[in-house]
Amino acid sequence: MSMDVDAASVNASRPGKPTMSGTPTLEARGLVKTFGHVVGLANVSLKLYAGEVLAIIGDNGAGKSTLIKCLSGALTPDEGEILLDGVKVVFKSPTDARLAGIETVFQTLAVAPALDIASNLYLGREIRSKGPLGTFFRKLDTRGMRESSKKQLSDLGIGTVQDITQKVETLSGGQRQAVAVARAAAFGSKVVILDEPTAALGVRESGQVLALIKRLRDRGMPVILISHNMPQVFEVADRIHIQRLGRCAGLITPQSHTMEEAVAIMTGATTLEVGAGDGASPGTADGSDGTA
Amino acid sequence: MTAVIEPTGMVRESETLGARIQHGLHRHPAIGPASVLVASVIAFSIANPRFLNSTNLSLLVQQVAVLATLAIGQTMIILTAGIDLSVGAAAILAQMVIAQTAANNHVPGVLAILLGIVVGALTGFLNGFLVTRIKLPPFIVTLGTLSIYTSIGLRYSNGQSVYASAMPKALIWTGNYVNIGPYQLTTGVILMLVLFAVTSYALTRTAWGRHVYATGDDPEAARLSGIKTDRVLLSVYLAAGVIFGLAAWILIGRVGVASTNNLTNANLDSITAVVIGGTSLFGGRGAVLGTLFGALIVQVFQSGISLAGVQSLYQVLAEGILVIVAVALDQWIRKVRR
């Protein structure tokens, strides 16, 4: 008896968006993760549909990071399962998740500062030259990678970077974040997860990253956004998953609740009526039909 | 009024020039050592015109071959933010294995050389294993293996030297002369240059090279990008060990005697060459080509100072100053931010 906010009804309000089918792109069922006596996740479930931005908010220690680490393969949950396009998957490492099509931009900004932009975009999945040079001498197709990097950046509207051979450490924080997001977007075939992408950025740079997130979504790419910044979450999110004390304290939309209400749920000042015990089907005040 | 405005204009001008130099060095780390090399060659040839003599330059290059080869391996390790203090000891052990097996156990020359390279590889593997599996800092690991490899070398050879007269031709092949115009090189020098070319290619043109740089630059970012950093590190120590084995072969050809007294300063000298060559001790930055310049700079100072009739202790002094200047320059270059 799911009472989730139906992604389809949310997306219907955005013209030109395909209607979501019943199968979520990414689904987590009853994830549990404990660290000794500390409970990181206590039975958390979520669904992510194509073309939506699902924000995950919560106080420090609410289990946000643990949740996305489980989804991105950095941690393996003790219990529960993860389904990708309705098929059960097990990730033993971030590489497993990446190979399955889930790209994560970690809070720590996983870019190598001394390498140039193109090298960073292709780091860990370099392309070799065609012919014997590539096969026998393992030569990289440096030019090809530079050209496609340039194209990927301009496709995402990151025009501020002129020189693709620029070292990443010479870029501003926003540009670096853009490189990290662009890499995720370029290679994430199914899901892009962004952990606090604007935490270290100024107002203008944050705006660029938010615009990037919207463009990704408009291309049909589902995005999970972890953020502390309520105005930003309410600006880009289609649905908001609120974590509290290792559990899902509610699933709301920017339309159904105000920022103050969201913060109240997050801090425990108010509680949403939560599906008894399992926490898998948090109810919302939104009048969705619950067919998801 | 103009007197006030003009100086500020000057300051701004020099700032942009400084920033431009900073950016240039940032992008091409070998420019710094290359300019120092050119400048020192010019300076020493003014001090004594005989410096540019083809005989002197030939000797200079021959003398640098062993150190430069060791410094190739050292560069790869320092690029991963590691350090190898056991460089010289590993090469000496390999050298004694090559000489002893060939001269005393009558193993064919080529096979003896291969054995030496295998021993070099094993020393590198042990260092890499301890760094990646036991998770010990490279400094500590190689400080320990420095003593271990030195003592094994001494025990194995009983401290006895092996002379060229007792060695098969293959062992001293690296000492054969190769004449190029007025310059007299050795096959050992050619081998050293080939090794530079090969490692430079591997580091700059292959995915493995990118992974080496990324691992040294930011291991966490490299790991999250799907790079198996431990495997990269192990491969670097292993490859460096192979290079140390080859350096042992070049050493035998150069010196004509395999002795545990060779290469006493090589451990630190190789680090000096790498650092003067513009490779950052913090990893991820630098180029093997810079190391070639760095090794040449050390040798040019040695030769130039003695030809200029200055006491050789000033060569040591100059080397010390160069190291500090190089590291200070590296810190400055690393500050590039927009």
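Here is the naming used below: chain letters follow the sequence lines, and residue numbers restart at 1 for every chain.
Judged by distance alone, the side chain of B:D218 and the main-chain N or O of A:A112 form no donor-acceptor pair under 3.5 Å.
Both the backbone and the side chain of B:R210 come within less than 4.5 Å of a heavy atom in chain A.
The contact list for residues 118-142 of chain A toward chain B, using heavy atoms and a distance under 4.5 Å, reads A:S119, A:L123, A:G124, A:E126, A:L133, A:F137, A:R138, A:K139, A:L140, A:T142 by residue number.
Contact between B:S225 and A:R98 at its shortest, heavy atoms only, is C-NH1, 3.4 Å.
The line from OG of A:S93 to NZ of B:K228 is 7.0 Å long, rounded to the nearest 0.5 Å.
Contact tally against chain A (heavy-atom pairs below 4.5 Å) for B:S280, B:G226, B:G209: the top residue is B:G226.
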